[in-house]
Amino acid sequence: MAGRTDEQHRIALFIDFENLVTNTGISANNFDLQPALDQLLEQGKVVFRRAYCNWSRFEDAKQRLHDVGVELVDVPPSTRAGKNSADMRLVIDALELCYAREQIDTFVIASGDSDFCPLAYKLRENGRTVIGLAVREASSQMFVRACDQFIYMKPKHRGESSHKDKDHGGRGSKSDEGKGGKRGGKGHDKGHDAKGGKEGAESKGGKPKAAEVPAVAREVVQSLLRRATGPLNPSLVKETIVRKEPDFDERDHGFSTFARLLEALEQEGLLRRIQQGRQGYIVGPDSDVGAPARETKGGKGRHAKAPVPVEEEEEELESYPDPDDEGL
């Protein structure tokens with residue numbers, strides 16, 4: 001149990017709440033942290049959760065955040081504008097936690113503000129992994145590049161309205177549009193086929209209709225396979241891509257999972273997927289690792305040569321008469 005815990009990342013989550021609900025399409029009454037929190041929980045334990053703002057302005061969000069275990073830090077405006085009060089408090093607490101709690105190895109900054117770039121740099125200098133979390137349209141590219149990974153939140157007001165329509169027996173197309181986002185399709189007549197832009201689009205060969213392999217995936221795969229001395233774990237490929245593009249998400253390119261993206265790369269002839277035990281790996285397209293033993297004419301493989309001399313030997317033995325018969 002202890003060994004397993006040591007392998008998990010310990011994550012601290014710091015939320016600049018006002019930044020997430022100002023001109024982002026997300027409001028205090030429909031703010032939903034759970035989808036982003038689920039992604040973080042896949043990477044480790046979120047042992048610290050704290051949100052900063054002047055909570056007298058966002059009463060509607062308090063209960064939602066309490067429900068997911070977030071501590072609310074009230075930061076009344078210290079100036080007439082009051083803009084940087086919460087930011088400064090967040091930075092101070094994050095640095096204090098970094099120096100006081102060495103076991104916390106991952107810091108999540110829920111904000112798209114480039115003012116947090118110095119904080120990200122300092123945390124990374126101290127060996128911490130930094131993950132950004134914000135709405136795409138309200139995220140500074142400077143801050144995105146300052147993070148090791150960046151997760152985009154999606155406004156939920158469309159999805160909430162579609163769920164209500166679905167519960168009341170409304171048309172399923174709105175629900176599919178809410179789930180699929182940009183890839184879900186706009187037409188109501190296509191909603192049944194969309195299935196959230198994932199399952200329905202994968203009906204042919206497991207590759208979404210509008211899927212397109214990003215250039216960064218090709219570059220990383222070719223570079224890693226060129227230097228590899230053995231099979232590569234797909235997670236290493238994904239981690240390398242994210243290091244180059246922190247906001248990379250295969251779903252933005254039409255693939256429901258990273259395995260689907262690797263499948264598309266295999267169809268292009270850039271790699272070959274193999275199975276060793278319960279774990280899947282990738283190798284170069286010309287690699288003989290995990291290749292089938294069968295060979296055609298000519299017997300180029302070592303396994304193909306074995307049965308040939310046996311057959312010839314049997315034929316030669318049959319061609320000679322039995323010595324005992326000659327004696328008789």
Side-chain angles (χ1 to χ4, degrees), residues 1-11 35-47 103 105-106 108 127-131 147-151 196-199 201-208 211-295 300-304:
M1 186 71 180
R4 183 178 179 181
T5 304
D6 291 341
E7 293 176 359
Q8 293 178 341
H9 293 290
R10 287 179 170 82
I11 303 171
L37 195 58
D38 290 340
Q39 293 188 56
L40 296 176
L41 290 171
E42 292 174 1
Q43 303 188 35
K45 296 177 63 176
V46 184
V47 298
Q103 69 271 25
D105 59 2
T106 303
V108 181
R128 305 303 198 269
T129 298
V130 179
I131 300 176
C147 299
D148 295 295
Q149 181 184 349
F150 208 93
I151 300 173
K198 295 179 182 177
E199 298 178 0
E202 295 173 6
S203 57
K204 296 183 180 180
K207 182 179 179 181
E212 183 177 355
V213 178
V216 65
R218 291 192 184 93
E219 295 171 2
V220 167
V221 166
Q222 291 174 334
S223 176
L224 290 177
L225 289 177
R226 189 163 52 246
R227 294 181 283 112
T229 57
L232 294 177
N233 194 314
S235 62
L236 173 63
V237 180
K238 177 69 177 287
E239 290 171 3
T240 306
I241 294 175
V242 171
R243 280 198 295 269
K244 298 188 72 172
E245 292 190 4
D247 58 345
F248 173 82
D249 189 336
E250 60 273 4
R251 292 171 295 181
D252 294 336
H253 302 278
F255 299 96
S256 59
T257 63
F258 191 67
R260 296 295 190 190
L261 175 57
L262 293 179
E263 182 180 352
L265 288 169
E266 184 177 29
Q267 292 174 0
E268 291 185 3
L270 296 179
L271 58 86
R272 187 162 55 84
R273 296 181 298 165
I274 64 172
Q275 192 76 20
Q276 293 185 352
R278 296 183 178 181
Q279 177 64 47
Y281 295 91
I282 66 171
V283 295
D286 301 325
S287 173
D288 58 354
V289 178
R294 64 180 186 277
E295 288 288 347
K300 294 181 181 179
R302 284 177 292 180
H303 299 288

I need the minimum non-hydrogen distance between [X] and [Y], along with the two atoms involved.
X: V237; Y: F258; value: CG1-CZ, 3.9 Å
X: P231; Y: Q276; value: CG-NE2, 3.8 Å
X: A211; Y: G254; value: CB-O, 3.7 Å

Distance from [X] atom [atom1] to [Y] atom [atom2], nearest 0.5 Å?
X: I282; Y: R273; atom1: CD1; atom2: CZ; answer: 10.0 Å
X: E212; Y: D252; atom1: CD; atom2: CG; answer: 12.5 Å
X: Q43; Y: D38; atom1: CD; atom2: CG; answer: 12.0 Å
X: S287; Y: L225; atom1: OG; atom2: CG; answer: 9.0 Å

Who are the side chain to side chain donor-acceptor pair (under 3.5 Å) partners of T229, not counting sequence neighbours?
none
Taking side chain as C-beta onward, heavy atoms only, is [X] less than 4.5 Å from [Y]?
X: L261; Y: V213; value: yes
X: K45; Y: I11; value: no
X: D286; Y: R272; value: no
X: P214; Y: F248; value: yes
X: Q149; Y: T129; value: no
X: T106; Y: R10; value: no
X: C147; Y: I131; value: no

Pairs satisfying salt bridge (Lys or Arg N to Asp or Glu O under 4.0 Å), at least one member in residues 236-245, at least two apart:
E219-K244, K238-E250
Side chain to side chain contact (heavy atoms under 4.5 Å, CB included) partners for R227, two or more places apart
S223, L224
For Q275, side chain to side chain contact (heavy atoms under 4.5 Å, CB included) partners two or more places apart
none
For R218, give me all partners under salt bridge (charged side-chain N to carboxylate O under 4.0 Å, His left out), at least two apart in sequence or on another chain.
E268
Going by salt bridge (charged side-chain N to carboxylate O under 4.0 Å, His left out), name the residues that satisfy it together with D249, two or more places apart in sequence or in a different chain.
R251
In sequence, state the C-alpha distance, the side-chain angles, and the governing distance for L40 and I151, and then conclude on side chain to side chain contact (heavy atoms under 4.5 Å, CB included).
CA-CA 9 Å; L40 296 176; I151 300 173; 3.9 Å; yes
